[in-house]
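Presented below is the structure to which this report refers.
Computed from heavy atoms alone, side chains included, the values below leave out hydrogens, waters and symmetry copies. Just so we're on the same page: letters track the sequence lines, and every chain starts at 1.
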Amino acid sequence: MKSIKLQLLALVALLFAANPAFAASYGVTIDTSSLAGTSGYLYLQLVNGANIDTFSATAQLLDFSTDGTMGATTDGAYTNSNKYATGTLPGELTIANTNAVLNDYNQAITFGNSISFTLVLDTLGAPDPMSSATFSFWLSQDAAGAIPLLTADGLLFTVDVNGNGVAGMPNVLASQVNVVPVPAAALLFAPGLLGLVAFKRKLAA
Amino acid sequence: MKNLSRRSFLKFGAASAAGIAAAQCPVITRMALADMGPNVFTVAVIPDTQNYCDGRYQPATSGNAWQLNIYNLPFFISQMNYLKNNASAMNLAFVTHVGDVVQNGDGSPMNFPTNYGTPQNTEWLNAVQAIDVLDSVGVPYGLAPGNHDYDNQSYKAEATKYPPLVSTPDYWTKYFGSSSKYFAGKSWYVGASDEVGYVSTGVGGASTGQWPAAGTLCNSGMSSAQVFTAGGISFLHIALEMEAGAMAIEWAQSVIDSYAGYPTIVTTHSYLSPFAASSTNKPALTDPVGPGAVKATMNGASYCKNSPNGWNSAKGIWDNLIAPNNQIFMVLCGHSWGSTHNISGNGQTINGLSTSNAIRIDRNMSGNFVYQVLSDYQGNTTMGSKGGDSWLRFMQFDVEGGNIHFYTYNTVSGARAGQTVNSINGLSDFDQLPEYSDFTLPIPAQVLEAAAQNNVKITSSAFTYNRATKLYSGKLVLTNTGTLPVTGTVGVALENMPSTITLSNSLGTDSVGCPYTSVANSGIAAGASLSIPVQFSDPTNVGISFTPVMIKI
């Protein structure tokens, strides 16, 4: 019995240690009912912090869903500044922190009542505690962001992630937004394994 | 002067009125030396060595043949060997010489070639033998020139007899200047006052003929500066020339400005007078700032009067340099040793004692205390030297304990002054109370402040970009990871920022031209953090990079 426990604990440790990459997932829902039927833009950023070095990060939007209608993509803050984004909403979208500071994505939308998606923040490679990046989500009426929506500047929420694989708690700035951290699969699996140990111990007793 | 663009991580501001009121008077105590640790280090002070190097004291067997002084120089070399052999054990961080390295600057007053059969630079060659050993220790050091180190070793300042102290490139700067083998290329050597000087006209009034030939560059490079790091703190040391005039003070101020916030020690040769010996040889005690504290008097200016470079008394140096610069926490000096005297009693006699140690403690203009310490043992001859007997002054800094332990050590006998009292008059070495030679004072607030600020770590958040304002927004978090509070208003300056990047919420630029910003604050308590918002414009999207540096506002 003791041997089985040790093997299971080793397996749990392996699940956490095997992959140096880090991923944090968040379930995001945005109530756009006050904007329903109007046109606007979704503007997404992955912005590097100061002194970026070897840190690599991506932001993925998965399972994007809206009862509105997605329009065409357009330039972000700079011409072609969205070139490091791959995919188009409502399909899977990935933004990499390839540019020195700003990596963004801008897409037209005719709002429905809600938007929802899963946000996955990944850091890649060796831990780099000196570097960080921030994902942020904005809404505006115009492509240039001069007419913000829902908040004073159009910024709805941010999530920080540093190169050491530590993601901050979401900073939600609009009452219409809900951002919930999603436990990683490993985190779900570990309690299961521990439960299995307890169950076997109970059977043995 | 080397490039002084290197900036400090701190800039001290004046203490608040509340801070001044709250500052406690330091109390002299007697404590044991601290156990060595990572934040315990030692600064050594070499008192006047002119008697060791004096070219007149020739060995009896030398006749008129030139020979290095073997009678007294070994005391000097013994001191340097002690530093070399114990540097690691005492964590020796810096060594300063208070001046009067030699006795007869250019040898002319003693007419060496004729009267002693030695070359004019005999004494400098003696000094070089000792300083070679010091140089081999591998720790930063500085030497301040005393009156005897000027060419004319002017005992008389009156223009009718001798000109004011004059140094030509043949002596002090040749052996100990910025281009000398000791300092050229040393990373810790900040530079010398090479631009502070004058060109001799050859005319000195009634003393014409005593002046160097017309066109000779005089008194340049007599002051110098060094930096050293110990106990996690970066210190600045200024070796200030004798009775420094306005130009030398201005040079020293420029160094301090460039190293703003570095806790600073100033060594200048003539500054304090020793306590006068009473008829019973007991020094007069006063109590100006706290129980046990003593207060020596400041020297006037007499050697450099009439110098084209100007001059200052000790009070002038205090008023113009020490008091206004809060980062200066200590002044070290030599020059004055009282009188050599003998004491008798109980059928015994002790010869060759002097009142060689003194201290004065004053508040600077920011309300913090400055320790001014006299160490000059040239009047002590009980061990058979011509003066000095190989005594050294040490200062052991215990940053964690918050103390500086001053002690006085004889490198030939191994004695530590102030440990015993003699049976004749109940006093100790130097015929003074034991606490004059061996005592402990709290580390001044200026140094602790630097230690606290050294423990502040700065991290930067990532940024968001607002397309409407075209600004990146984030925050810098200053976390005090130490055990001491950082007091006063602090901010953060951004160094090494690309020219295309602008700190949009800048409040101005600091002393070296870097933009800084802040929020309302009163410092950072131990273990606490301060978050300072920052905003940047980066119109070309090159990336935001900088070196954040905490400053005092």
Side-chain angles (χ1 to χ4, degrees), chain A residues 41 43-53 55 57 59 75-81 84 97-104 106 121 129-138 140-148 151-164 167-168 171 173, chain B residues 9 456-479 481 491-506 514-518 529-551:
Chain A
Y41 288 83
Y43 181 57
L44 287 55
Q45 296 176 354
L46 185 60
V47 182
N48 290 321
N51 310 325
I52 193 77
D53 191 11
F55 173 53
D75 280 339
Y78 305 89
T79 302
N80 291 324
S81 67
Y84 295 107
N97 70 334
T98 311
N99 264 335
V101 55
L102 176 63
N103 305 273
D104 58 5
N106 205 2
L121 295 177
M130 299 305 295
S131 300
S132 59
T134 295
F135 173 84
S136 60
F137 189 101
W138 308 63
S140 61
Q141 187 174 320
D142 61 322
I147 307 172
T151 65
D153 58 3
L155 178 58
L156 303 194
F157 75 94
T158 67
V159 186
D160 291 338
V161 59
N162 73 24
N164 209 19
N171 181 25
L173 304 165
Chain B
F9 60 97
V456 172
K457 310 301 180 192
I458 304 177
T459 57
S460 170
S461 74
F463 307 112
T464 56
Y465 179 74
N466 186 315
R467 291 175 294 165
T469 61
K470 301 188 184 308
L471 295 176
Y472 291 90
S473 298
K475 62 186 178 184
L476 300 177
V477 179
L478 288 65
T479 303
T481 62
V492 63
L494 304 183
E495 294 183 339
N496 306 316
M497 211 163 56
S499 59
T500 54
I501 307 293
T502 302
L503 178 64
S504 303
N505 63 331
S506 170
C514 295
Y516 74 90
T517 190
S518 186
S529 294
L530 174 68
S531 181
I532 298 179
V534 286
Q535 287 187 320
F536 300 92
S537 67
D538 179 14
T540 57
N541 198 21
V542 299
I544 298 170
S545 62
F546 52 79
T547 304
V549 179
M550 189 174 74
I551 61 171

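Atom CZ of B/R467 is separated from atom CG of A/N106 by 4.5 Å, given to the nearest 0.5 angstrom. In this structure, the separation between CZ on B/F463 and OG on A/S136 is 13.0 Å, given to the nearest 0.5 Å. Distance check: A/N48 CG to B/S545 OG gives 12.0 Å after rounding to the nearest 0.5 Å.
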Report task. Take A/L102 and B/Y472, measure what side-chain contact (heavy atoms from CB on, under 4.5 Å) needs, and give me the verdict at the end. Result -> CA-CA 9 Å; A/L102 176 63; B/Y472 291 90; 3.1 Å; yes
Requested in this report: Take A/Y43 and B/Y465 through the test side-chain contact (heavy atoms from CB on, under 4.5 Å) and record every step on the way to the result.
Outcome: CA-CA 11 Å; A/Y43 181 57; B/Y465 179 74; 4.1 Å; yes
Query - Intermediate values then yes/no, side-chain contact (heavy atoms from CB on, under 4.5 Å), A/W138 and B/T464 - result: CA-CA 10 Å; A/W138 308 63; B/T464 56; 4.1 Å; yes
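A/S132 approaches B/S460 most closely through the heavy-atom pair OG-O, 3.8 Å. Minimum heavy-atom separation, A/A146 to B/A468: CA-CB, 4.4 Å.
For A/A143, the part lying under 4.5 angstrom from a heavy atom of chain B is the backbone only. Heavy atoms closer than 4.5 Å to chain A are found nowhere in B/F536, neither backbone nor side chain.
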